[in-house]
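Only a predicted model underlies this, so the values are computations on that prediction, with no experimental measurement involved.
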Amino acid sequence: MPELPEVEFASRVLRKAVVGRTVRRVRALHRSQRRGLPPRHLARLRGATIIGVERRGKHQLLALSTGDTLVVHFRMTGDWLVDTTAASLEPYARVVIDLDDDTRVSLVDPRALSTVTLSPSGSSSLPPLGPDAADPDVDAGVFIGALSRRRVSIKVALLDQRVLAGVGNIYAAEALWVARIDPRAPANSITRARAVRLLAAIREVLDRAQRSSGRYRDTGEGRFQVYDREGEPCSRCGTAIARIPQAGRSTYFCPHCQRR
DNA sequence: CGTATCCTGACC
DNA sequence: GGTCAGGATACG
């Protein structure tokens, strides 16, 4: 699941490939992508020059010379593939953009849950997002305030993009482990001191992921401490990592050293 | 607040 | 051949 570091990595790859280029041809190859990108929007896209690529939370924003913005979200399994217009289409290519220098960028997404939408000039169609989790200047007071207004568990609150934009299931669990906080603790019960520690832990896990090229590691030292490690020993205390469902998704944590 | 929905590969 | 996963949204 691409979270902030993976989306940041992908948007850098994309930026290098597309900024300054003009869209020659664009196709939506899957029903679910055609819903978000109907023919009239594909037509608007054609001939536009891409002037910049920005990231906000897990969204990628492609600024176009027309004033429109192409908004991309990878959801579960999306990623960019950059090749040339001469290449054969990838099996899971959902949106394919051919550029004037024969570069082709394809949104590859086996599950087809990615969203690509054209936001007309002036009307930003982003959902409400909190401060970007990668921003080192996030105000601890704002973060504490957001938590204090939520009665859901701290883990569920961290997944709410209005609290911090860019945190997902993996890094929420990892950050709670680093901060030694029980994921079941009510968000509004988190003390100021622990919230400050949690914010630092979020930055730490995101920075570390970013430094490993925005790619997940599945072996060796860089492996996750709790995510997808049910039954394995906690590296701090040896207790078996537990898995519980929260808001319909899996939370992994150490039931011994993560406290309420 | 919980639950269904979108999708399809992976797994039983 | 059925179930599950999961980010975000919609709905009860």
Side-chain angles (χ1 to χ4, degrees), chain A residues 1-11 28-38 55-61 70-81 89-96 106-119 123-134 146-176 183-189 202 205-206 209 214 216 218 224 226-231 241-253:
Chain A
M1 302 126 265
E3 300 184 23
L4 189 153
E6 294 78 26
V7 175
E8 176 63 27
F9 182 83
S11 69
L29 299 177
H30 188 283
R31 184 163 35 94
S32 88
Q33 265 58 254
R34 280 193 289 270
R35 268 200 296 272
L37 217 48
R55 179 192 59 74
R56 275 194 225 157
K58 302 177 207 170
H59 300 266
Q60 295 171 80
L61 286 72
L70 192 68
V71 182
V72 179
H73 194 300
F74 284 159
R75 296 287 184 100
M76 307 292 299
T77 50
D79 201 2
W80 292 118
L81 177 80
L89 288 181
E90 279 285 305
Y92 299 116
R94 306 309 188 186
V95 175
V96 177
S106 303
L107 174 63
V108 176
D109 181 4
R111 295 208 175 154
L113 288 173
S114 288
T115 55
V116 181
T117 54
L118 190 73
S119 186
S123 73
S124 163
S125 69
L126 279 185
L129 296 177
D132 197 276
L147 296 184
S148 71
R149 276 179 268 106
R150 277 159 225 270
R151 288 189 292 186
V152 293
S153 69
I154 183 62
K155 161 70 181 333
V156 171
L158 287 181
L159 295 182
D160 187 335
Q161 301 298 297
R162 294 168 295 187
V163 174
L164 279 180
V167 179
N169 202 42
I170 295 173
Y171 297 121
E174 294 293 299
L176 287 165
R184 298 164 294 188
N188 62 8
S189 76
I202 291 166
V205 298
L206 293 179
Y216 298 125
D218 49 14
F224 304 126
V226 288
Y227 182 78
D228 204 23
R229 298 192 80 152
E230 183 181 14
I241 300 302
R243 179 170 71 97
I244 57 167
Q246 287 188 294
R249 40 203 64 113
S250 288
T251 297
Y252 298 86
F253 71 109

Can you tell me the distance, in whole Å, between the CZ atom of A:Phe74 and the C1' atom of C:dG6?
17 Å
Take atom CD of A:Gln33 and atom C1' of B:dT8, then tell me their distance rounded to the nearest Å.
13 Å
Is there a donor and acceptor pair, one atom on the side chain of A:Arg111 and one on the base of C:dA5, closer than 3.5 Å?
yes
Among the nucleotides B:dT8, C:dA8, C:dA5, whichever has the atom closest to the side chain of A:Arg94 is B:dT8
Which nucleotide in the list C:dA8, C:dG6, B:dC1 gets nearest to the side chain of A:Arg151?
B:dC1
C:dG6 phosphate, OP1 or OP2: any side-chain N/O from A:Tyr227 under 4.0 angstrom?
yes
Indicate whether the side chain of A:Thr251 and that of A:Gln246 have a donor and an acceptor atom separated by less than 3.5 Å.
yes
Do side-chain atoms of A:Arg34 reach the backbone of A:Ala28 as a donor and acceptor pair under 3.5 angstrom?
yes
Using whole Å, what does the distance between atom P of nucleotide C:dG6 and atom CG of A:Asn169 come to?
6 Å
Base, sugar-phosphate or nothing for A:Ser250? Non-hydrogen atoms, less than 4.0 Å.
sugar-phosphate
Ignoring the backbone of A:Tyr92, work out which of B:dG9, C:dG7, B:dC1 is nearest its side chain.
B:dG9
For A:Tyr227, does its backbone N or O pair with a side-chain atom of A:Glu174 as donor and acceptor, under 3.5 Å?
yes
Let me spell it out: for each of A:Arg249 and A:Ser153, pick the nucleotide of DNA chain B with the closest heavy atom. Which residue's pick is nearer the 5' end?
A:Ser153
Any donor-acceptor pair under 3.5 Å between the side chain of A:Arg75 and the base of C:dG6?
no
Could you tell me if A:Arg184 and A:Ser153 have a donor-acceptor pair between their side chains, going purely by distance under 3.5 Å?
no
Could you work out which one of C:dG7, B:dG9, C:dT9 sits closest to the side chain of A:Pro110?
B:dG9
Taking only the side-chain heavy atoms of A:His73 (C-beta and beyond), determine which of B:dC1, C:dA8, B:dT8 contains the nearest atom.
C:dA8
Distance check needed: C:dG6 P versus A:Arg243 CZ, whole Å only.
8 Å
A:Asp109 near the nucleic acid: base, sugar-phosphate alone, or nothing, with a heavy-atom cut-off under 4.0 Å?
nothing
Can you tell me how far P of B:dT8 sits from CG of A:Leu29, to the nearest Å?
13 Å
In whole angstroms, the gap separating P of C:dA5 from CG of A:Asp228 amounts to 12 Å
Assess, by modelled atom type and distance only, whether the side chains of A:Thr77 and A:Asp109 contain a donor and an acceptor separated by less than 3.5 Å.
yes
A:Gln161 side chain N/O closer than 4.0 Å to the phosphate oxygens (OP1, OP2) of C:dA8?
yes
Rounded to whole Å, the CD-C1' distance (A:Gln60 to C:dG7) equals 15 Å
Distance check needed: C:dG6 C1' versus A:Glu3 CD, whole Å only.
11 Å
With a 4.0 Å cut-off on heavy atoms, is A:Arg150 in touch with a base, just the backbone sugar-phosphate, or nothing at all?
nothing
Would the distance check show the side chain of A:Glu3 and the main-chain N or O of A:Asn169 forming a donor-acceptor pair, the cut-off being under 3.5 Å?
yes
Closest to the side chain of A:His30, out of B:dC1, B:dT8, C:dG7, is B:dT8
